[in-house]
Protein chains: 2
Amino acid sequence: MGQGTAAPAGGLRERARRAIRAEIARVGMELFLRNGFEPTTVEEIAAAAGISRRSFFRYFASKDEVVLAHLDELAATVTEALAARPADEDPWVSLRRAFDAVVAEAEADRAANYGLTRLLNETEALRGQYAERQKRAWVEAAAPILAARLPPHAGPGPDLRAEALVAAALGCVSIVADACLACGPEADFAALLDQAMAAVRPLS
Amino acid sequence: MGQGTAAPAGGLRERARRAIRAEIARVGMELFLRNGFEPTTVEEIAAAAGISRRSFFRYFASKDEVVLAHLDELAATVTEALAARPADEDPWVSLRRAFDAVVAEAEADRAANYGLTRLLNETEALRGQYAERQKRAWVEAAAPILAARLPPHAGPGPDLRAEALVAAALGCVSIVADACLACGPEADFAALLDQAMAAVRPLS
DNA sequence: GCCAGTATTGACACTGAGTGACAGATAGTC
DNA sequence: GACTATCTGTCACTCAGTGTCAATACTGGC
């Protein structure tokens, strides 16, 4: 488990497991997008994936997880992009530029992205969990990178500066995502993000 | 329904309903804090409140709702405080000062506040929904106030500036809440909030 | 004070998510 | 080919949440 991070594959058996998991996710998302999240039962997903209901829960801890699974990849993308920015750049600008990677991915398949956003919005519980996980994943991954670039922390108590920066930027992303949902799939994500982030702190 | 907002009371019948709802919330929170959220069943709450299981769901749409119900009051507090700030003050400072009202409330009963925070943290699904609702409620209530004080919006597309400001501030609050959870019930919420918000944008 | 109309309640039944236990199938090892 | 560990499906269960219905309490008008 604690071995191959981005390696080609772990063991022979592990590869099969990964493939089945991916297939369940694919089939599940298809059904969710077609029929909605709540109306789609685990039974249906399992049947469509050719496994039993019980086995579904051996691959995903919950129905939510099928939708939420996308997030870990996203966080990795942002972290990579952030680490690649010059160390002397303003942190707020670095964050804005790091999001470009995600924006590009979203714009590459506007329909899929819009569908996912609508799905998230339709189910209150999902939406909240998605936002919270995104926050946690991005803060955990991105804050340490930023913290190393900030001037030394003076004063008592923990240093919250880097985490606050990331969380604030994420707040902007969330507002933009809401706006894009209202605007339709052709919204200019990048321009709206520029506007939102510049309102909080000038982009140098 | 669409009448008394903060009025003393609606009808005679409405008052009884409100009282029962409050009693369920009180009893429910007590059980949650004592035994945890998931281990506590709706059956137990209903029994402790002297009603049937079915009636519980006539007062709260879900078990989550019992915990989440606190939020609407909080949003109202912040909105009031924000509206009371001078119109020519920097919006970021206004937001920081508006949070003072919530900080004061939290510090008035540190134990209760810490318990609630711990409860939220213990249950992933709850935590996400809480954050999401808080965001939505605060953005909806506070953004219009701020928007009226901002210079006119130029350029195409919707004006996201006020919402972005509120969401960014809320991100800082969320980071501080996490930190306070790690620090214990005696953490200096106000000072940490100053630090976090100042890192994103100088508090003038 | 009495009588209709309405809202509230408890009881019952049901669906669906999630979990535990167990037996059989299916791989990988010697 | 026997041995062992893992994976799988089946069954049974708890609990959240919802629809239905009959009984009951409260509202109004007379």
Side-chain angles (χ1 to χ4, degrees), chain A residues 1 3 9-25 27-29 31-32 35-69 119 122-130, chain B residues 1-4 9-25 27-29 31-32 35-69 119 122-130:
Chain A
M1 205 199 286
Q3 245 306 61
L12 295 105
R13 210 156 187 168
E14 195 67 16
R15 194 197 302 269
R17 187 172 171 79
R18 222 174 286 276
I20 296 179
R21 194 181 144 94
E23 173 66 6
I24 299 173
V27 162
M29 287 303 297
L31 288 171
F32 290 154
N35 308 327
F37 181 76
E38 275 156 355
T40 304
T41 69
V42 170
E43 188 93 43
E44 288 170 345
I45 301 173
I51 57 170
S52 72
R53 204 181 76 91
R54 191 66 185 84
S55 277
F56 171 91
F57 287 108
R58 291 193 176 104
Y59 285 93
F60 291 92
S62 71
K63 202 171 88 168
D64 305 358
E65 208 72 25
V66 175
V67 182
L68 267 30
L119 186 63
E122 154 198 312
T123 314
E124 199 64 31
L126 258 190
R127 185 175 169 71
Q129 279 189 77
Y130 193 87
Chain B
M1 206 199 288
Q3 246 305 66
L12 294 105
R13 209 158 186 165
E14 195 67 18
R15 194 198 301 269
R17 187 173 170 79
R18 222 173 285 276
I20 296 179
R21 194 182 144 94
E23 172 66 6
I24 298 173
V27 162
M29 286 303 297
L31 288 171
F32 290 154
N35 307 329
F37 182 76
E38 275 155 355
T40 303
T41 69
V42 170
E43 187 93 44
E44 288 169 346
I45 302 174
I51 57 170
S52 71
R53 204 182 76 92
R54 190 65 185 85
S55 278
F56 171 91
F57 287 107
R58 292 193 175 102
Y59 286 92
F60 291 92
S62 71
K63 203 171 88 168
D64 305 358
E65 208 73 25
V66 174
V67 182
L68 266 31
L119 185 63
E122 155 198 312
T123 315
E124 198 65 31
L126 257 190
R127 183 175 170 73
Q129 278 190 76
Y130 193 88

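Treat the numbers as computed from the prediction; the structure is a model and nothing was measured. To find a chain, count down the sequence lines: A is the first, B the second, and so on, and within it residues start at 1.
- The side chain of A:S55 contributes an N or O atom lying less than 4.0 Å from OP1 or OP2 of D:dG9.
- Atom-to-atom, CZ of A:R58 to C1' of C:dT26 comes out at 14 Å; the value is rounded to the nearest Å.
- The CD1-C1' distance, from A:I45 to C:dG16, rounds to 12 Å in whole Å.
- Counting atom types as modelled, B:R54 pairs no side-chain N or O with a base atom of D:dG17 as donor and acceptor under 3.5 Å.
- Contact record, A:I24 with A:A49: CG1-CB, 4.1 Å, taken as the closest heavy-atom pair.
- If you measure from atom CZ of B:F37 to atom P of D:dA16, you get 9 Å, rounded to the nearest angstrom.
- Rounded to whole Å, the distance from CZ on B:R21 to P on C:dT9 is 13 Å.
- Within the nucleic acid shown, A:S52 comes within 4.0 Å of at least one base atom, counting heavy atoms only.
- Taking 4.0 angstrom as the limit, B:Y59 places none of its side-chain polar atoms (N or O) nearer than this to OP1 or OP2 of C:dT8.
- Residues B:E122 and B:F32 are not in side-chain contact: their nearest non-hydrogen atoms beyond the backbone lie 4.5 Å or more apart.
- Atom CZ in B:F56 sits roughly 9 Å away from atom P in D:dA16 (whole-Å rounding).
- Atom pair A:F57:CZ and D:dA12:P shows a separation of 19 Å (rounding to whole Å applied).
- Looking only at side-chain heavy atoms (C-beta outward), B:L119 and B:M29 come within less than 4.5 Å of each other.
- The base of C:dG16 has none of its N or O atoms less than 3.5 Å from a complementary donor or acceptor on the side chain of A:R53.
- Atoms CZ (A:F60) and C1' (C:dT19) sit 18 Å apart, rounded to a whole Å.
- Using a 4.5 Å heavy-atom threshold, the side chains of B:V42 and B:F57 count as touching.
- In this structure, B:I51 atom CD1 and D:dA25 atom P are separated by 17 Å, rounded to whole Å.
- Contact of the A:Y59 side chain with the A:R17 side chain is registered, since non-hydrogen atoms from C-beta on lie closer than 4.5 Å.
- Each of B:E38 and A:I20 was assigned the nucleotide of DNA chain D with the nearest heavy atom; the assignment lying further toward the 5' end belongs to A:I20.
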